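No experiment lies behind these values; they were computed from the predicted model shown.
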Amino acid sequence: MTDAQAERHRMVDEQIAGRGVRDLHVLEAMRKVPREAFVRPDLAESAYDDNPLPIGYGQTISQPYIVARMIEAAKIRPGERVLEIGAGSGYAAAVMAEIADQVHTIERHAALGRTAREHLQKAGYSNVDLHIGDGSLGRPEAAPFDAILVAAGAPSVPLALKEQLAEGGRLIIPVGATELTQVLMRVTRTAPTDWREERLESVRFVPLIGAQGWS
Ligand code: SAH
């Protein structure tokens, strides 16, 4: 095992499985994705730390645990099609790409989006499509999705995203009345015109900025 592999296994054992994440797909995927390839070179040594890290432009790569929790909550399975809003570094998209068939991810910040695309290409993730633009409207041309993950806090659940869920599809999104704290929600499309909403836990994300986010 290389040093990075050993650190990755320790991260999964201590920070992820150790805190109650049980989904074997998530644990297996996180043992594979080289997180050091998704952070700034000068922060590579901190790649497996138990916290978010700056990626520039005031944005962060999320704490590994929260990435795991969100993907577990989304119940992503092999063969599925996934949409992520807020590509950031591209790391969470890579973890989902280890499990799902196809991942679309959207980043509103062009420079971050280009860097994330490079990270994903270098790490060999050919089943991720990165788009630059406002993800609060989703990606109707690629819908429906089995799972949609939003990695930024929204003032409410965007209708556009609910409508892009397949029947049985799950939307995981932090929702909060202020830009600082949110409740992680799971919205499941139970029928063509029916959605079930569950509140999962308190979280803290950067704001979702866009047409169905904050201005
Ligand atoms: N999933 C990322 C972390 C995301 S941080 C990772 O693994 O590294 C949240 C990201 O959402 C930021 O990069 C921010 O620029 C982006 N963002 C905010 N509003 C957005 C919007 N409307 N559409 C797309 N991306 C958005």
Ile132 versus Arg108, closest heavy-atom pair with distance: CG2-O, 4.4 Å
Evaluate the side-chain proximity of Trp195 to Val157: yes if any heavy-atom separation is below 4.5 Å, no if none is. no
Cluster link Leu184 to Leu180, ILVMFWY, side chain under 4.5 Å: no
Donor-acceptor pair, distance only, cut-off 3.5 Å: does the side chain of His119 make one with the backbone of Ser89? yes
Flag side-chain contact, heavy atom, 4.5 Å: Ile173 against Pro158: yes
Quick one: closest heavy-atom pair of Ala151 and Gly86, and the distance? CB-O, 3.8 Å
Criterion side-chain contact (heavy atoms from CB on, under 4.5 Å) on Gln59 and His109, from CA distance to verdict: CA-CA 10 Å; Gln59 308 302 320; His109 206 293; 5.5 Å; no
Nearest 0.5 Å, what's the OH-CE distance between Tyr91 and Met96? 11.0 Å
Looking at Leu137, is its backbone amide N or carbonyl O close enough to the side chain of Gln212 to form a donor-acceptor pair, meaning the two atoms are under 3.5 Å apart? no
Hey, which of Asp146, Asp23, Asp101 is the one that makes salt bridge (Lys or Arg N to Asp or Glu O under 4.0 Å) with Arg77? Asp23
Distance in Å, Ile16 CD1 paired with Glu14 CD, rounded so as to fall on 0.5 Å steps: 10.5 Å
Closest heavy-atom contact between Ala160 and Ser136? CB-O, 4.2 Å
Close side-chain approach of Glu28 and Glu98, heavy atoms under 4.5 Å: no
Same hydrophobic cluster for Ile172 and Val128, using side-chain heavy-atom links shorter than 4.5 Å among ILVMFWY? yes
Is the number of heavy atoms from other residues, nucleotides or ligands under 6.0 Å of Gln5 CD greater than 12? yes
Look only at the side chain of Arg189 and the backbone of Pro192, and say whether a donor-acceptor pair between them is shorter than 3.5 Å. yes
What is the distance from atom CG of Leu208 to atom CD of Glu179, rounded to the nearest 0.5 Å? 10.5 Å
Beyond-backbone contact of Thr188 with Glu198, side-chain heavy atoms, under 4.5 angstrom: yes
Give the cluster check for Val175 versus Val206: same hydrophobic cluster or not, with ILVMFWY residues linked at side-chain heavy-atom distances below 4.5 Å. no
For Gly90 and Ala116, work out which heavy atoms get closest and say how close. N-CB, 3.8 Å
Can you name the closest pair of heavy atoms from Ala211 and Asp134 and give their distance? N-OD2, 2.8 Å
Inter- and intrachain pairs under side chain to side chain donor-acceptor pair (under 3.5 Å), touching residues 156-175, at least two apart: Glu80-Arg170
Can you tell me if Arg81 uses its side chain to pair, donor with acceptor, with the backbone of Phe145 under 3.5 Å? no
Full working for side-chain hydrogen bond (donor to acceptor under 3.5 Å, both in side chains) between Thr105 and Glu84: CA-CA 4 Å; Thr105 182; Glu84 180 192 32; 2.7 Å; yes
Considering residues at least two apart in sequence or located in another chain, which fulfil the side chain to side chain donor-acceptor pair (under 3.5 Å) criterion with Asp3? none
Answer with yes or no whether the hydrophobic clustering places Ile55 together with Ile85; edges join I, L, V, M, F, W, Y residues whose side-chain heavy atoms lie under 4.5 Å apart. no
Measure the shortest side-chain to side-chain distance between Pro78 and Ile99 over non-hydrogen atoms and say whether it is less than 4.5 angstrom. yes
So, does Arg19 use its side chain to make a donor-acceptor pair with the main chain of Gln15 at under 3.5 Å? yes
Student check: side-chain heavy atoms of Lys75 and Arg186 closer than 4.5 Å: yes
Interatomic spacing from CD in Gln102 to CG in Asn127 - rounded to 0.5 Å: 6.0 Å
Considering all heavy atoms, the nearest Gly153-Phe205 contact: N-CB, 3.7 Å
Among Val103, Ile106, Leu149, whose side-chain contact (heavy atoms from CB on, under 4.5 Å) with Leu83 holds? Ile106
salt_bridge(Arg199, Glu197) N-O dist < 4.0 Å: no
Can you hop from Ile71 to Met30 via hydrophobic side chains spaced under 4.5 Å? yes
Determine all donor-acceptor pairs shorter than 3.5 Å in which one atom belongs to a side chain in residues 35-44; sequence neighbours excluded.
| from | atom 1 | to | atom 2 | distance (Å) |
| --- | --- | --- | --- | --- |
| Arg35 | NH1 | Ala47 | O | 2.5 |
| Arg35 | NH2 | Ser62 | O | 2.6 |
| Glu36 | OE1 | Tyr48 | OH | 2.3 |
| Arg40 | NE | Asp42 | OD1 | 3.1 |
| Arg40 | NH2 | Asp42 | OD2 | 3.1 |

